[in-house]
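The next block holds one structure in the form of structure tokens; read it before the comments.
Small disclaimer: the values here were computed from a predicted structure and weren't measured. Below, read A as the first sequence line, B as the second, and so on, with proteins coming before strands; counting in each chain starts at 1. All heavy atoms count here, side chains included; hydrogens, waters and symmetry mates do not.
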There are 2 protein chains.
Amino acid sequence: MKEHGIEGVCSVHEEAVRRILANRPSEEHLFEMAELFKVFGDPTRMKILYALLESELCVGDLALLLSMNQSAVSHQLKVLKDASLVRSRRVGKNIYYALSDGHVSTIVSMGMEHVCE
Amino acid sequence: MKEHGIEGVCSVHEEAVRRILANRPSEEHLFEMAELFKVFGDPTRMKILYALLESELCVGDLALLLSMNQSAVSHQLKVLKDASLVRSRRVGKNIYYALSDGHVSTIVSMGMEHVCE
DNA sequence: ATATCATATGAACAATCATTCATATAAAGA
DNA sequence: TCTTTATATGAATGATTGTTCATATGATAT
């Protein structure tokens with residue numbers, strides 16, 4: 001007999017559901033992963049990441065590259081930095097941004113592969 | 001001499017900017033990639049993907065698993081399907097959902113790795 | 001045929017988000 | 001010290017999005 005849970009939904013594979021529920025990553029980890037991917041999910045940030053894949057750049061470079069104003073770029077860089085995807089260092093009046101680790105390029109390449117099919 | 005482009009931004013590495021601009025993926029590809037990652041960027045969809053990583057399931061199963069109503073799950077499954085991340089087949093009154101290819105699990109694993117550090 | 005069940009879909013609403021504008025900070029030069 | 005330059009940041013706004021509710025579709029069973 002099929003199980004009817006919340007709001008009358010009918011689960012056909014209750015067994016599997018219980019097993020999955022027991023083995024899946026914590027709610028917190030799942031949220032963090034979604035947060036991470038959300039950061040990749042914007043064209044502006046994707047362009048920034050792609051650029052930094054090639055070379056360290058400062059804010060003005062990126063603004064020129066993206067044809068966007070400095071403020072917009074700066075805001076997005078903050079998002080990227082909060083997600084630990086980029087790091088920054090100050091050199092005089094300029095601030096240089098670079099990718100913070102190797103995961104970034106792996107994830108980006110994976111996305112590119114999926115898209116190019 | 002530093003270059004001052006749109007809106008007075010100052011580019012320090014004009015050389016690099018030009019090179020990156022010449023070599024980077026098309027605007028369209030960059031948009032598609034962002035769109036792809038956007039789909040991963042939601043906890044509900046991440047949970048669905050993680051579940052389907054383990055086994056094929058139908059809508060009611062997922063609703064039970066996520067403690068969400070059928071409609072919400074169905075809407076998100078549509079998003080996943082439009083992004084070609086899942087496929088579906090009908091068996092009687094039920095519709096079974098499964099991951100559509102291997103990229104998905106690779107991308108998800110990559111995200112998990114990044115988060116678990 | 002009709003009732004029921006599983007799923008899909010459209011409209012509405014609240015919440016989130018990217019960009020802009022204006023302004024703040026922090027370094028360098030005069 | 002005062003100005004200029006590079007970047008950051010807060011508030012406002014328009015656009016996008018996830019969920020809910022109500023309803024539609026499509027299949028089975030009586």
Requested in this report: Working to the nearest 0.5 Å, report the span between NE2 of A:H103 and NE2 of B:H114.
Outcome: 6.5 Å

**Report entry** Side chain of A:N94 (C-beta onward), nearest among D:dA8, D:dA6, C:dA27
**Finding:** D:dA6

Report summary line: Rounded to whole Å, the NZ-C1' distance (B:K93 to D:dT30) equals 12 Å

Query - Distance in angstrom units between A:I95 CD1 and C:dT25 C1', rounded - result: 10 Å

Report task. Measure from the ring center of B:H13 to the ring center of A:Y96 and say whether it is less than 6.0 Å. Result -> yes

Query raised in the report: In whole angstroms, how far is the C1' atom of C:dT19 from the CG atom of A:D42?
Result: 10 Å

Query raised in the report: B:K81 near the nucleic acid: base, sugar-phosphate alone, or nothing, with a heavy-atom cut-off under 4.0 Å?
Result: nothing

Query raised in the report: With nearest nucleotides of DNA chain C determined for B:V59 and A:R90 from heavy-atom distances, which residue corresponds to the more 5′ nucleotide?
Result: B:V59

Query raised in the report: To the nearest angstrom, how far is A:N69 atom CG from C:dT19 atom C1'?
Result: 7 Å

Query raised in the report: Is the shortest heavy-atom distance from the side chain of B:L65 to the side chain of B:K47 under 4.5 Å?
Result: no

Query - C:dT9 base stacked by B:H75 (centroids within less than 5.5 Å, tilt under 30°) - result: yes

Query raised in the report: Taking OP1 and OP2 of C:dA6, is either one under 4.0 Å from a side-chain nitrogen or oxygen of B:S74?
Result: no

**Report entry** Side-chain donor/acceptor contact of B:S71 with base of D:dT19 under 3.5 Å
**Finding:** no

Query raised in the report: So do A:L77 and A:H75 actually touch side chain to side chain, heavy atoms under 4.5 Å?
Result: no

Query raised in the report: Whole-Å distance between C:dA6 P and B:K78 NZ?
Result: 23 Å

Requested in this report: Determine: side-chain N/O of A:K38 to OP1/OP2 of C:dT16, distance under 4.0 Å, yes or no.
Outcome: no

Query - Check: A:Q70 side chain, D:dA8 base, donor-acceptor under 3.5 Å - result: yes

Query raised in the report: Quick one: A:L62 CG to D:dA6 P, roughly how many Å, whole number?
Result: 15 Å

Query raised in the report: Can you check the A:F37 CZ to D:dT17 P distance for me, whole Å?
Result: 18 Å

Query raised in the report: When we call it a touch if two heavy atoms are under 4.0 Å apart, what does B:Y97 touch: a base, just sugar-phosphate, or nothing?
Result: sugar-phosphate

Query - Heavy-atom closest contact (B:L80 atom, B:L49 atom, distance) - result: CD2-CD2, 3.9 Å

Query - Between C:dA8 (P) and B:L77 (CG): distance, integer Å - result: 7 Å

